[in-house]
Engineer: 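One structure follows; several queries about it will come next.
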There are 2 protein chains.
Amino acid sequence: MSLTDLESKLRDRSLKCTPQRLEILKALHEAPAHPSADTVYRIVQGRFPSVSLATVYKTLDTLVEIGEIRIALVSEGKTLYDTRMSNHHHFLCRCCGHVEDVDIQLDCMENCLPQVMGKYHQVERSEVVFHGVCQKCFQPEI
Amino acid sequence: MSLTDLESKLRDRSLKCTPQRLEILKALHEAPAHPSADTVYRIVQGRFPSVSLATVYKTLDTLVEIGEIRIALVSEGKTLYDTRMSNHHHFLCRCCGHVEDVDIQLDCMENCLPQVMGKYHQVERSEVVFHGVCQKCFQPEI
DNA sequence: TATTAAATAAGAACTATTATTGTTTAGAAT
DNA sequence: ATTCTAAACAATAATAGTTCTTATTTAATA
Ligand SMILES: [Mn+2]
Ligand SMILES: [Mn+2]
Ligand SMILES: [Zn+2]
Ligand SMILES: [Zn+2]
C-alpha cells in the first residue's frame with residue numbers, strides 16, 4: 001500500500017523511484033482484482049499517457065521481484081497479478097475464467113506440510129485453487 | 001490409458017478416432033509429466049512426421065474437453081498438460097519452474113469446502129499449489 | 001550543477017496459440 | 001465394396017501476449 005513502503009523497498013535494492021512506477025502501483029490497486037498487464041496499462045494511460053506497455057511489463061516484473069505484488073497462477077493465456085500478498089486462495093470458474101479470492105483458513109495444510117515436503121523441498125507457501133462454475137455461469141437466466 | 005476407453009469417449013460425442021489422436025495420446029503418456037504442446041509435438045513427430053503442430057493443439061483441446069487430460073494450472077507462459085486425472089497436488093519451483101506431483105491426502109480441504117463455498121459456487125475439485133525452491137535449485141553444487 | 005547508472009518510450013522481434021482454407025479421411029449409409 | 005459427408009487434417013497466415021533493442025531521458029548521488 002504505502003508509497004513510503006515501496007520507496008524503501010526500491011531504495012534497498014538501489015532501484016529508482018520513478019513516477020511511472022508509482023502510477024503503475026496505484027493502477028494495480030485501483031484495478032479490479034487480478035488485473036492483467038493490459039488492464040493496468042489502460043488505467044495508467046488515463047493519468048500518464050506517455051507510459052509504454054513495455055514499461056508496464058517491466059515494472060510489474062520489478063514489483064513481483066521486490067515482493068509488492070505476485071502473479072496469480074490461475075489463468076491460461078495471460079498473466080494475472082495479485083496485489084494481495086497475504087495468504088489466501090482462489091476460485092476459478094471453468095466456464096468464464098472468473099477468478100475470485102477465497103478467504104478461508106486451512107490450517108491443516110500449513111500444519112501437515114512441513115513434515116511431508118521437508119526433506120524434498122523448501123516450501124515457502126501454499127495456495128488452493130478451487131475449480132468449478134461460478135454463480136453467474138450456473139444461473140445465467142437472471 | 002486404454003485406447004478402448006478413449007475410443008468410446010470419442011464415439012459418445014461423435015468424434016472421430018484418428019491415428020493422429022491416438023499418437024498424441026500415446027505421446028502424452030510417454031512424455032515427462034506436465035508436457036507442453038511443443039513437447040508432445042516433438043514426440044509425435046518421431047513416429048508420425050506429417051502431423052502438424054496445429055493438430056496437436058487442437059487434439060489437446062479435444063482431450064481436455066472429453067476429460068482424458070487436464071491443464072496443469074501451474075505455469076507462466078506456456079500451457080502444460082497433465083495426464084493424471086486423479087486428485088493430486090503440485091509443487092512449483094520459483095527458480096527453475098519445475099513442476100512436481102504431490103501425492104498427499106488433504107481430507108480437511110475436501111471436508112470443509114462444500115459448506116464454505118456451497119452457497120456461492122459449484123466447486124468441482126480443488127488442488128493445492130506448493131510454492132518454493134526445489135532440491136536442485138536449493139543445492140546446486142552437486 | 002555535473003555525472004552516471006538505471007529507467008524509459010518506441011517499436012521490432014519473438015513465442016505461444018488460434019484461425020483460415022483447401023484437402024483428406026473415418027465412419028456411416030448404401 | 002463403393003459412395004457419401006461431416007469431421008479432421010496439413011499448411012500456413014494471423015493474432016495475442018510478452019520480451020528485446022536502442023536511443024533518449026531522468027533519479028539519485030557527489
Ligand atoms: Mn487473489
Ligand atoms: Mn500433475
Ligand atoms: Zn463463470
Ligand atoms: Zn528448481
Side-chain angles (χ1 to χ4, degrees), chain A residues 3-4 6-25 27-28 31 34-42 44-45 47-66 68-69 71-81 97, chain B residues 3-4 6-25 27 31 34-42 44-66 68-69 71-81 97:
Chain A
L3 294 189
T4 332
L6 174 64
E7 271 187 62
S8 52
K9 278 193 190 174
L10 290 170
R11 200 162 293 137
D12 289 352
R13 308 198 175 209
S14 42
L15 299 173
K16 290 180 180 173
C17 189
T18 67
Q20 286 91 338
R21 282 174 176 168
L22 298 178
E23 285 298 341
I24 288 167
L25 186 67
L28 271 162
H34 319 111
S36 67
D38 191 63
T39 301
V40 173
Y41 175 59
R42 289 185 211 187
V44 170
Q45 288 247 306
R47 271 184 305 236
F48 203 150
S50 71
V51 78
S52 79
L53 181 56
T55 297
V56 171
Y57 272 106
K58 199 84 200 36
T59 301
L60 290 172
D61 276 1
T62 304
L63 292 173
V64 169
E65 268 163 33
I66 68 175
E68 270 296 313
I69 62 175
I71 289 173
L73 253 198
V74 99
S75 135
E76 303 158 33
K78 64 172 65 168
T79 305
L80 301 184
Y81 297 85
Chain B
L3 294 189
T4 332
L6 175 65
E7 272 187 60
S8 52
K9 278 193 190 176
L10 290 170
R11 199 162 294 138
D12 290 351
R13 308 197 174 209
S14 44
L15 299 173
K16 290 179 180 174
C17 188
T18 69
Q20 286 90 338
R21 281 174 177 169
L22 297 177
E23 285 298 342
I24 288 167
L25 186 68
H34 319 111
S36 66
D38 190 64
T39 300
V40 173
Y41 174 61
R42 288 185 212 189
V44 170
Q45 289 247 305
R47 272 183 306 237
F48 202 151
S50 72
V51 78
S52 78
L53 181 56
T55 297
V56 171
Y57 273 107
K58 201 80 199 38
T59 301
L60 290 172
D61 276 0
T62 304
L63 291 173
V64 170
E65 267 163 33
I66 69 176
E68 271 295 315
I69 62 174
I71 289 173
L73 253 200
V74 100
S75 136
E76 303 158 34
K78 64 173 63 168
T79 304
L80 302 183
Y81 298 86

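Letters A, B, ... are given to chains in the order of the sequence lines, protein chains preceding strands, and every chain is numbered from 1. Reckoned from all heavy atoms, side chains included, excluding hydrogens, waters and symmetry mates.
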Engineer: Tell me the interatomic distance from A/L60, atom CG, to D/dT18, atom C1', rounded to whole angstroms.
Structural biologist: 11 Å

Engineer: If only side-chain N and O atoms count, and only distance matters, is there a donor-acceptor pair under 3.5 Å linking B/S52 with B/T55?
Structural biologist: yes

Engineer: With a non-hydrogen cut-off below 4.0 angstrom, is A/P49 in contact with a base, only sugar-phosphate, or nothing?
Structural biologist: nothing

Engineer: Consider only side-chain N and O atoms of A/T59 and A/T62, and report whether a donor and an acceptor are under 3.5 Å apart.
Structural biologist: no

Engineer: Grab the CG-P distance between B/L15 and D/dT5 for me, whole Å please.
Structural biologist: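 Atom-to-atom, B/L15 to D/dT5, this comes out as 21 Å.
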
Engineer: Please compare A/T18 and B/P19 by the position of their nearest nucleotide in DNA chain C and report the one closer to 5'.
Structural biologist: A/T18

Engineer: Under 4.0 angstrom, heavy atoms only, what part of the nucleic acid is A/K16 near: base, sugar-phosphate, or nothing?
Structural biologist: base

Engineer: Quick one: CD1 on A/I69 to CG on A/L28, what's the gap to the nearest 0.5 Å?
Structural biologist: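 Answer for the CD1-CG pair, A/I69 versus A/L28, is 5.0 Å.
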
Engineer: Starting from P on D/dT12, measure out to OH on B/Y41 and report it in whole angstrom.
Structural biologist: 11 Å

Engineer: Would you kindly compare A/S36 and B/T59 by the position of their nearest DNA chain D nucleotide and give the one closer to the 5′ end?
Structural biologist: B/T59

Engineer: Between A/T79 and D/dT18, is there a contact of a side-chain N or O with OP1 or OP2 at under 4.0 Å?
Structural biologist: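 Checking A/T79 against D/dT18: at least one side-chain N or O falls below 4.0 Å of OP1 or OP2.
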
Engineer: What's the angle between the local helix axes at either end of the helix from C/dT1-D/dA30 to C/dT30-D/dA1, using five pairs per end and rounding to 10 degrees?
Structural biologist: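 It works out to 30° between the end axes.
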
Engineer: Report the distance from atom CG of B/L25 to atom P of D/dA8, rounded to the nearest whole Å.
Structural biologist: 16 Å

Engineer: Please report the distance, rounded to the nearest Å, between CZ in A/R13 and C1' in D/dA28.
Structural biologist: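 Interatomic distance, CZ of A/R13 to C1' of D/dA28: 19 Å.
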
Engineer: State the CD1-CG distance between A/I66 and A/L6, to the nearest 0.5 angstrom.
Structural biologist: 5.0 Å

Engineer: Identify, residue by residue, the members of residues 50-58 of chain A with a heavy atom below 4.0 Å from DNA chain D, and return them in order of residue number, or none.
Structural biologist: A/L53, A/A54, A/Y57

Engineer: Locate the shortest heavy-atom distance separating B/S36 from B/Y81; write the atom from each residue and the value.
Structural biologist: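 Of all heavy-atom pairs spanning B/S36 and B/Y81, the closest is C-CD1, 4.5 Å.
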
Engineer: Can you pull the contact range of chain B along DNA chain C, 5' to 3', using atoms under 4.0 angstrom from its heavy atoms?
Structural biologist: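 Taking any atom under 4.0 Å from a heavy atom of chain B, the span is C/dA16 to C/dG27.
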
Engineer: Test your reading of the model: is there a side-chain donor-acceptor pair from B/R11 to the backbone of B/K16, 3.5 Å cut-off?
Structural biologist: no

Engineer: How many angstroms lie between CG in A/L15 and CD in A/E65, if you round to the nearest 0.5 Å?
Structural biologist: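 One finds 8.5 Å between CG of A/L15 and CD of A/E65.
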
Engineer: List the atom of B/A72, the atom of B/H34, and the distance in Å for their closest heavy-atom pair.
Structural biologist: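 Scanning both residues completely, I find the closest heavy atoms to be CB-CD2, 4.2 Å.
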
Engineer: Tell me the interatomic distance from B/L10, atom CG, to D/dA7, atom P, rounded to whole angstroms.
Structural biologist: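 The distance from CG of B/L10 to P of D/dA7 comes to 14 Å, rounded to the nearest Å.
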
Engineer: Taking for each residue the nucleotide of DNA chain C with the nearest heavy atom, is it B/G77 or A/Q20 whose nucleotide lies nearer the 5' end?
Structural biologist: A/Q20

Engineer: Taking side-chain contact (heavy atoms from CB on, under 4.5 Å) as the criterion, tell me which of B/L63, B/V44, B/V40 meets it with B/L25.
Structural biologist: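 Single pass found, and it is B/L63.
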
Engineer: Can you tell me how far the CG atom of B/L73 sits from the CG atom of A/L73, to the nearest 0.5 Å?
Structural biologist: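 Atom-to-atom, B/L73:CG and A/L73:CG are 7.5 Å apart.
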
Engineer: Tell me whether B/R47 contacts the main-chain N or O of B/E23 through its side chain, where contact means a donor paired with an acceptor under 3.5 Å.
Structural biologist: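 No, B/R47 side chain to B/E23 backbone: no donor-acceptor pair under 3.5 Å.
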
